[in-house]
Number of protein chains: 2
Amino acid sequence: MTSSPKPLAQPISITANTLKVACSQCNLRELCLPLGLNEQEMHKLDDLVGTRRRVKRGTHLYRATDPFEAIYAIRSGFFKTGVIAEDGREQVTGFQMAGEIMGMDGIGTEHHTCNAVALEDSEVCPIPFAKLEDMSREIGTLQHHFHKVMSREIVREHGVMVLLGTMRAEERLAAFLLNLSQRFSSRGYAPNEFHLRMTRDEIGSYLGLKLETVSRTFSRFQEDGLVSVQQKHVRIVDPAGLKKLMSRNC
Amino acid sequence: MTSSPKPLAQPISITANTLKVACSQCNLRELCLPLGLNEQEMHKLDDLVGTRRRVKRGTHLYRATDPFEAIYAIRSGFFKTGVIAEDGREQVTGFQMAGEIMGMDGIGTEHHTCNAVALEDSEVCPIPFAKLEDMSREIGTLQHHFHKVMSREIVREHGVMVLLGTMRAEERLAAFLLNLSQRFSSRGYAPNEFHLRMTRDEIGSYLGLKLETVSRTFSRFQEDGLVSVQQKHVRIVDPAGLKKLMSRNC
DNA sequence: ACCTTCAGTTGACGCATGTCAATCCTCGCC
DNA sequence: GGCGAGGATTGACATGCGTCAACTGAAGGT
């Protein structure tokens with residue numbers, strides 16, 4: 001159903017039975033924390049990253065209030081992060097895929113402030129944060145790149161604020177699909193055909209909509225020939241049409 | 001009209017005619033970047049921070065696409081930050097006051113991604129970012145505190161996402177007022193009486209509402225005896241009532 | 001002090017999205 | 001292979017907020 005991954009630049013095969021895989025050998029390194037490091041620096045990073053941790057679908061990688069010790073690079077799989085307000089309302093704050101970094105919300109308060117849940121069986125590389133700071137003091141490239149990663153998270157959230165603050169349902173869903181498409185694409189997957197890992201309810205929470213509205217909007221897109229949807233399987237038929245939809249009504 | 005500032009802990013008088021004022025002498029240091037540094041480290045930081053820059057009301061501190069060179073600590077005044085989507089829609093992403101740090105959105109792309117506009121005559125302390133990274137490699141405390149500042153920005157934005165994604169107009173405005181109240185309070189100003197520096201339109205943009213809705217909601221709060229509003233002057237009459245409003249209807 | 005301009009308030013009305021409910025579809029499990 | 005449960009779809013109806021418009025009030029400049 002889902003398209004198979006195409007290799008990224010310089011693919012490197014990994015022996016299947018080693019749980020600990022070095023950054024220097026990881027085919028995600030161009031998307032992940034090691035970006036920009038030279039050979040020697042990358043090997044130092046290998047020592048930093050802990051052994052990989054499997055997270056089964058539906059289970060938490062961390063929960064709000066857990067003590068903060070590490071950030072996590074996603075080696076494979078798919079996650080959602082979300083916060084729960086005092087009164088119990090839940091808001092999905094993001095969906096994360098391979099090569100992305102999670103857990104930076106915990107630095108400020110020494111404990112996590114979101115929940116992170118695997119939406120499919122996944123693997124993460126824990127990066128003990130105290131050690132990351134130590135190594136950042138030695139390797140300027142690493143320090144700078146980590147700052148970039150955090151900054152981009154801030155900018156990503158600005159984008160979500162624009163979405164939630166100014167867009168109508170159709171525009172929100174179009175923006176969501178195009179964003180997923182772009183991220184799958186940059187990981188070597190087909191940009192226009194993919195499997196949604198999350199439910200309509202989770203999409204709705206992320207987009208500030210009710211699940212019924214998400215479902216109806218998908219149906220409308222299908223009627224209009226923009227996408228073809230069957231449950232969680234999505235094919236973007238008319239990417240340009242989706243883009244145009246987002247810039248109308250200004 | 002507005003209450004006068006009460007001194008923070010350990011107030012230190014500043015000679016009025018020096019434009020460059022050291023962090024070590026700044027009465028905002030407990031709120032700002034130097035937090036947690038010892039005497040010696042603080043003096044190093046003094047060399048890092050550039051001369052203060054005045055920003056007149058209504059003018060930009062920086063604009064989206066400006067090359068990124070420094071982050072800014074607000075010495076005095078009040079700012080808004082916002083992004084403009086491709087199609088021209090504007091979304092206010094935050095309001096910043098003394099002691100807060102702005103500009104971290106620019107790290108990831110080497111140029112700023114928001115606009116920052118002074119809502120009253122203000123002063124900022126520019127912190128050249130390359131130098132901050134250099135010094136962070138020497139002073140672990142500074143490095144760690146900077147990471148905390150960025151992390152808290154991420155968490156703050158999560159809060160805005162909850163607001164925009166799940167709250168109704170009344171709840172949004174109540175949350176907004178209580179947030180301002182808390183921040184004024186921690187700067188030594190009266191928590192329950194303050195002057196809004198922004199227009200109804202800017203509040204609306206931040207809260208994902210139209211200015212008419214903001215205005216109507218203020219009026220309703222006044223009828224219900226929660227606040228007393230006259231244009232930009234706000235007095236919170238019943239803080240507990242506002243808080244209760246936010247946790248209803250879950 | 002007056003005028004101009006911009007911000008804020010208020011009302012009437014419409015629409016997009018939420019709410020409630022019934023039904024259908026899929027997938028995993030026995 | 002059939003069954004059960006949860007996810008998804010669709011319809012009918014309700015409502016909160018947006019839109020449009022008129023009016024009021026405050027601030028700033030000459």
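These numbers come from the heavy atoms of this one structure, side chains and all, not from hydrogens, waters or symmetry mates. In what follows, chains are A, B, ... by sequence order, proteins preceding strands, each numbered from 1.
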For A:Q231 and for A:M167, locate the closest nucleotide of DNA chain C by heavy-atom distance; then report the residue assigned to the nucleotide nearer the 5' terminus. A:M167
Between [X] ([atom1]) and [N] ([atom2]), how many Å, whole number?
X      : N      : atom1 : atom2 : answer
B:Q222 : C:dT10 : CD    : C1'   : 14 Å
B:M198 : C:dC6  : CE    : C1'   : 18 Å
A:L173 : C:dA16 : CG    : P     : 17 Å
B:F221 : C:dT10 : CZ    : P     : 15 Å
A:L164 : C:dT17 : CG    : P     : 13 Å
A:L245 : C:dA16 : CG    : P     : 13 Å
A:K232 : C:dC27 : NZ    : C1'   : 10 Å
A:R172 : C:dA16 : CZ    : C1'   : 11 Å

Chain A footprint on DNA chain D, 5' to 3' - any atom under 4.0 Å from a heavy atom: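 Boundary nucleotides touching chain A, in 5' to 3' order, are D:dG7 to D:dA12.
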Electrostatic pair A:R89-B:E171, nearest N-O below 4.0 angstrom: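 Yes, A:R89 and B:E171 are salt-bridged.
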Starting at the 5' end of DNA chain D and moving along, which residue's nearest nucleotide shows up first, B:R216 or B:R57?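 Looking at DNA chain D, the more 5' nearest nucleotide goes with B:R216.
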So, B:R200 side chain and B:Q231 main chain: donor-acceptor pair closer than 3.5 Å or not?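 Checked: pair present.
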Between the main-chain N or O of A:V55 and the side-chain N or O of A:T59, is there a donor-acceptor pair closer than 3.5 Å?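 No, because the side chain of A:T59 does not come within donor-acceptor range (under 3.5 Å) of the backbone of A:V55.
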What does A:S215 touch in the nucleic acid at a heavy-atom separation under 4.0 angstrom: a base, only the sugar-phosphate, or nothing? base
Indicate the ring-plane relationship of B:Y72 and B:Y62, choosing parallel, tilted or perpendicular according to the 30° and 60° boundaries. parallel
Are A:F194 and A:Y189, when compared by the centres of their aromatic rings, separated by less than 6.0 Å? no
Which of residues 204-214 of chain B sit near DNA chain D, with a heavy atom under 4.0 Å from it? B:G208, B:L209, B:K210, B:E212, B:T213
May I ask you to test the B:V92-B:M198 pair for a side-chain heavy-atom distance under 4.5 Å?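 Heavy-atom side-chain distance check fails, nothing below 4.5 Å.
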Tell me, do B:R156 and B:E153 make a side-chain contact under 4.5 Å, heavy atoms counted? yes
Identify which one of A:Q91, A:Q96, A:H112 satisfies the side-chain hydrogen bond (donor to acceptor under 3.5 Å, both in side chains) criterion when paired with A:T81.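 Exactly one candidate clears the test, A:Q96.
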Which residue in the set B:R52, B:R57, B:R53, B:K56 passes salt bridge (charged side-chain N to carboxylate O under 4.0 Å, His left out) when paired with B:E123?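 Considering B:R52, B:R57, B:R53, B:K56, a salt bridge (charged side-chain N to carboxylate O under 4.0 Å, His left out) with B:E123 is found only for B:R52.
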